[in-house]
Amino acid sequence: MLSLLIWLPILGGTLVLAAGGRSQGATARWLALGTGGVVFLLSSVLYFGFEIGTSAMQFEERLAWIPAFEVYYYLGVDGISMPLILLTTFATVLVIIAGWEVIQYKQTQYLAAFLIMEGLMVGVFSALDAILFYVFWEAMLVPMFLIIGIWGGPNRIYATIKFFLYTFMGSVLMLVALIYLRYQTDSFGILDFHGTALALSQQILIFLAFLVAFAVKVPMWPVHTWLPDAHVEAPTGGSVILAAIMLKIGAYGFLRFSLPITPAASIELAWLLIALSLIAVVYIGLVAIVQEDMKKLIAYSSVAHMGFVTLGFFAIFDIFAHTGATEGSGGGGAVMALEGGLVQMISHGFVSAALFLCVGVLYDRVHSRLIKDYGGVANRMPIFAAFFVLFAMANVGLPGTSGFVGEFMVILASFQGNFWYAALAALTLILGAAYTLWLIKRVVYGEVANAQVAALTDLNAREFIVLGALAGAVLLLGIWPAPLIEVMEPSLQHLLQQVITTP
Amino acid sequence: MTFEMPDFSLALPEIWVLSMACLVLVVDLFAKGRESALAFHLVQFTLLTTVWLSIETQWGLKATTFSGTYVADKFACLLKVAICVLSFLVFAYSRDYLRKRELLRGDFFLLGLLGVLGMMIMASAHSLLTVYLGLELVELCLFAMVAYDRENRVSSEAAMKYFVLAALSSGMLLYGMSMVYGAAQSLDLAQIAAIAANGESGLLLAFGLTFILVGVAFKFGAVPFHMWIPDVYQGALTPVTVYVGTAPKIAAVALFVRLLVDGLGALHDQWQVMATIIAVGSLAVGNLFALVQTNIKRMLGYSTIAHVGFLFLGFIAGTEEGYSAALFYAITYGLMAAGAFGVVILLSRRGFEADLIEDMKGLNDRHSGFAVVMLILMFSLTGVPGTVGFYAKWLVLKSVIDVNMVWLAVVAVIFAVIGAFYYLRVIRMVYFDRRTDGEPLEAPAGLRVVLAGNGLAVLALGIFPDSLITACKAALAG
């Protein structure tokens, strides 16, 4: 099942490439959409076939891959990775639709790159062998590198090389750490790494190696600088995938690697991570306010939101120290922090994707991302304005939208740990409201700013479908998050047990 | 003293190559004027049959013949297969290039084939004498090939430099060998190993060891003995550059393994430090200098130096796994380098060498298929998973981490990141810089097929690397 989700898009992407060679566009487009759609439908099997209430890996597949070094082709999902896979397949479909007529240059290669990347990203989330994980993790960079570099904006080459080198730098150190873990445990299985007894000094080094890899991906302050560049230059689809999924992979790494493999180091260095998260939340929030480029603003807002996620993950130690409880959905503040972080990841996946798509919609019409070139868009594009405002509200964390659930859980849980974390984090709600609402005010409302805005046409059916689907997801998750939390809870409980009890 | 009849059957691959080389020589004499097609096909046929012959006669054996100067074992067999396959690729790329420049003569392929013979002898050497014999045969052919285009002043200069430096290094090697001979009283590698292991005459051996290591590092082109690499790579005709850059690297692994592992493996502690300096130096110089190159041949030259640094990590580890990792690295590097130069050849025309990185511009617009091949090759050289280059790096890193030299692994990966930049620059030219005025590519079908196959092999081995890894492991296990 998981193999199908990985290889079907890759195969589809290859076919799209082949089809693109002969006919111009249409066949390749439908083929790409078909593949994306089928993969999304197939991935729903993961959800409906998922056994709730266990933290064990499900849909496992295990084949010998490199027997010479006991590397296995070992896949499986738990409550942490399954929602992220759904997010991936969902986002890819939207990206394919969003690129339908917008991309003119080498469209087949564009679609193929996204499909291949989809397969690789599903691979990252489902790999349970360290080397397999690493292969997907880094192979994923290749399509993204090309997407930004080929279809990006004027400064795309600088941005994409910066993106690649930053992430490559992070991941090679992780590779060294993984090999070192193999040296210690005699296995490449990620689950075998969990609960390995390592001396604190070793743990700290491994933790730092992982930290570089994941912090670059998340991205955490101060290694976030590639993100605004990459986002601004990337084509809309690239920004969507980057924001919706790639950033989540870094946070996923913390859950799958850092916390369970090096729990003692995590406790030791939790202050560092919390400090970095809070800086991201507050400082980047302030930076976002002064941005003049819409994409850059949303990119910085992504950094700030991901700060919430990492805050939730690493606040658990303080919370645990205060409450001592790990059981129960309400009682265990630590579990709630983790859940909040994960919900925030999913929610941010929807919201940031939607915001980038909104900017894309405007950019396709006006060819500018600068806020000052807009004003009064609502007068000409009422439907679009409604969507844009909805997503902005979700970004702010308005109750009823998905953004609220995650942030609320993280803040509520943090209060049990340390008042100041929570206070600072809550402060960003205000900051977030400030930059988002100000953006909305300047772009959407007010008088029609110039002739270009006056000539705008409202959403076409294709754009409506894309934004509508995301709006549905945002509201659904905001109003009724229980199914998602239900799925992830046992896995997070289990993770927490591992982290708290191992040292 | 009784005279024993040597067992010729063990050396069948070499004997076959030698006889075919003689045949090609004669055939070429009489087949003038037909673009030496016959010589080319005969040489290619020889290489393919030698692959088969090597596997058939030598895989799984471990036997010496010719009074213990020649050994047939898995290591030799795997090396011969790799050398023949890579040379096959190189000649396939060369033919069209030479024809367009009216340089196509049978002697190019003949020299190449004799070079292959020399490398095969090195792979099977079991005495200092055979090592040196094979080495000099290779060098002689390489000198002539670098100077092949004698009207070209750059080529001639490169050949001269190469000759002087290589002769110097051979001299060093020979000097080292003579000291080892003095200490061990024998040319036989097994005897030398026994003497080295019992620890007597340590000082003399240590001196010999140092000179041998210098000679070996020269052949690899490792820092600080790398000076010839950039000039030769840039100056020689592109087909010669590919030839120099692929199979001889594998032969150099043979040189290292035969001399320093089979022979002086007991002194691993002593050469480990030197090899570490060489490795770190190569990583630093290769990667940093490659960053600023504009000529792609020269850039790939410096990148070779960097890759040699990586390859040395396997030797430094000093374990069987480490040596097999180094062997794996050499073979896969040969495959990648052959492909990369193949693309350069593909892009070149008469009077236009396409040897600037800028000449790659807009390849994706001109032919998206070859753009993908170049993409795969460049990412493979970078070491990105999904391509075989990743496993090469992974294995050598693993071998040094397994002997608890994590710091060395960290140094190496940091240089790998620096190195990524110049490969990305090539990809940038291929994909990001659009150029619509470029003419469509013209190349004969044979060249296209071989190049596509080369790219696919890098990808396929990148997804299913196990067979080659297992083969390399088996080769070193004896």
Side-chain angles (χ1 to χ4, degrees), chain A residues 10 14 17-18 20-21 64-69 71 73 105-106 108-109 112 116 120 131-142 145-146 148-152 156-158 160-161 164-184 188 202 205 209, chain B residues 321 324 328 364-365 368-369 371-372 375-376 379 382-387 390-391 393-395 397-404 406-410 412-421 423-425 427-434 462-474:
Chain A
I10 294 180
T14 320
L17 269 186
W65 178 34
I66 310 177
F69 288 94
V71 175
Y73 176 78
Y105 176 79
K106 302 251 176 212
T108 49
Q109 293 187 356
I116 291 172
L120 297 172
I131 295 303
L132 188 64
F133 172 84
Y134 187 81
V135 166
F136 285 127
W137 163 278
E138 216 170 288
M140 190 177 71
L141 291 182
V142 175
F145 174 72
L146 294 176
I148 301 176
I150 300 179
W151 295 281
R156 60 184 190 274
I157 292 168
Y158 167 77
T160 195
I161 289 183
F164 191 94
L165 290 181
Y166 258 76
T167 34
F168 192 51
M169 178 73 216
S171 32
V172 289
L173 288 175
M174 176 172 77
L175 178 65
V176 173
L178 292 177
I179 298 175
Y180 185 73
L181 279 166
R182 141 92 203 199
Y183 169 62
Q184 293 289 343
F188 273 120
Q202 290 173 333
L205 288 176
Chain B
E321 198 181 295
S324 69
F328 184 84
N364 188 33
D365 290 319
S368 54
V372 171
L375 178 80
I376 294 171
F379 274 122
T382 315
V384 171
T387 58
F390 165 67
Y391 300 99
K393 290 211 163 65
W394 174 58
L395 290 176
L397 288 176
K398 184 173 178 309
S399 60
V400 288
I401 291 174
D402 282 349
V403 295
N404 225 341
V406 181
W407 69 269
L408 192 57
V410 172
V413 295
I414 287 172
F415 279 116
V417 175
I418 296 173
F421 180 76
Y423 299 121
L424 293 185
R425 216 166 49 149
I427 296 171
R428 168 220 159 131
M429 292 296 170
V430 171
Y431 273 93
F432 303 164
D433 286 322
R434 297 172 194 175
I463 299 173
F464 304 106
D466 190 58
S467 50
L468 189 55
I469 294 178
T470 312
C472 288
K473 262 184 129 176

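- Below 30°, between 30° and 60°, or above 60°: for B:Phe390 and A:Tyr134 the angle between ring planes is below 30°, a parallel geometry.
- Per-residue heavy-atom pair counts under 4.5 Å with chain B were compared for A:Ile131, A:Val176, A:Ile150, A:Val172, and the maximum is reached by A:Ile150.
- Taking the side chain as every heavy atom from C-beta outward, B:Phe432 and A:Phe145 approach each other to under 4.5 Å.
- Remark: of the listed residues A:Leu141, A:Val135, A:Val142, A:Val142 is the sole one forming a side chain to side chain contact (heavy atoms under 4.5 Å, CB included) with B:Val384.
- Note that the CG atom of A:Leu175 and the CG atom of B:Leu397 stand 6.0 Å from one another [nearest 0.5 Å].
- Considering only heavy atoms from C-beta on, A:Pro67 stays 4.5 Å or farther from B:Thr470 through its side chain.
- Looking only at heavy-atom pairs under 4.5 Å with chain B, the residue among A:Ile157, A:Val71, A:Leu173, A:Leu178 that has the most is A:Ile157.
- Between A:Phe164 and B:Phe379, the distance from one ring center to the other falls under 6.0 angstrom.
- For B:Ser467, no part lies under 4.5 angstrom from a heavy atom of chain A.
- The minimum heavy-atom distance linking B:Pro385 with A:Ala139 is given by the pair O-CB, 3.7 Å.
- The aromatic rings of A:Phe69 and B:Trp394 stand perpendicular to each other, their planes meeting at an angle above 60°, with 30° marking the opposite boundary.
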query = For B:Leu424 and A:Thr160, what are the C-alpha separation, side-chain angles and deciding distance, and is it a side chain to side chain contact (heavy atoms under 4.5 Å, CB included)?
reply = CA-CA 10 Å; B:Leu424 293 185; A:Thr160 195; over 6 Å; no

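- Around atom OH of A:Tyr158, no more than 12 heavy atoms belonging to other residues, nucleotides or ligands sit under 6.0 Å away.
- The two residues A:Phe168 and B:Ala416 have their closest heavy-atom pair at CE2-O, 3.8 Å.
- Between A:Met169 and B:Val417, the closest heavy-atom pair is CA-CG2, 3.7 Å.
- No part of A:Ser171 comes within reach of chain B, as not one of its non-hydrogen atoms sits under 4.5 angstrom from that chain.
- Contacts of B:Ile418 with chain A are absent, with no heavy-atom separation under 4.5 Å from either backbone or side chain.
- The residue among B:Val406, B:Leu395, B:Ile401, B:Val413 with the most heavy atom pairs within less than 4.5 Å of chain A is B:Ile401.
- The backbone N or O of B:Asp466 sits nowhere less than 3.5 Å from a side-chain atom of A:Trp65 that would complete a donor-acceptor pair.
- Judged purely by atom type and a 3.5 angstrom limit, B:Arg428 has no side-chain atom pairing as donor or acceptor with the backbone of A:Gly149.
- Cation-pi geometry between B:Lys398 and A:Tyr180 is not satisfied (NZ or CZ under 6.0 Å from the ring centre, within 45° of the ring normal).
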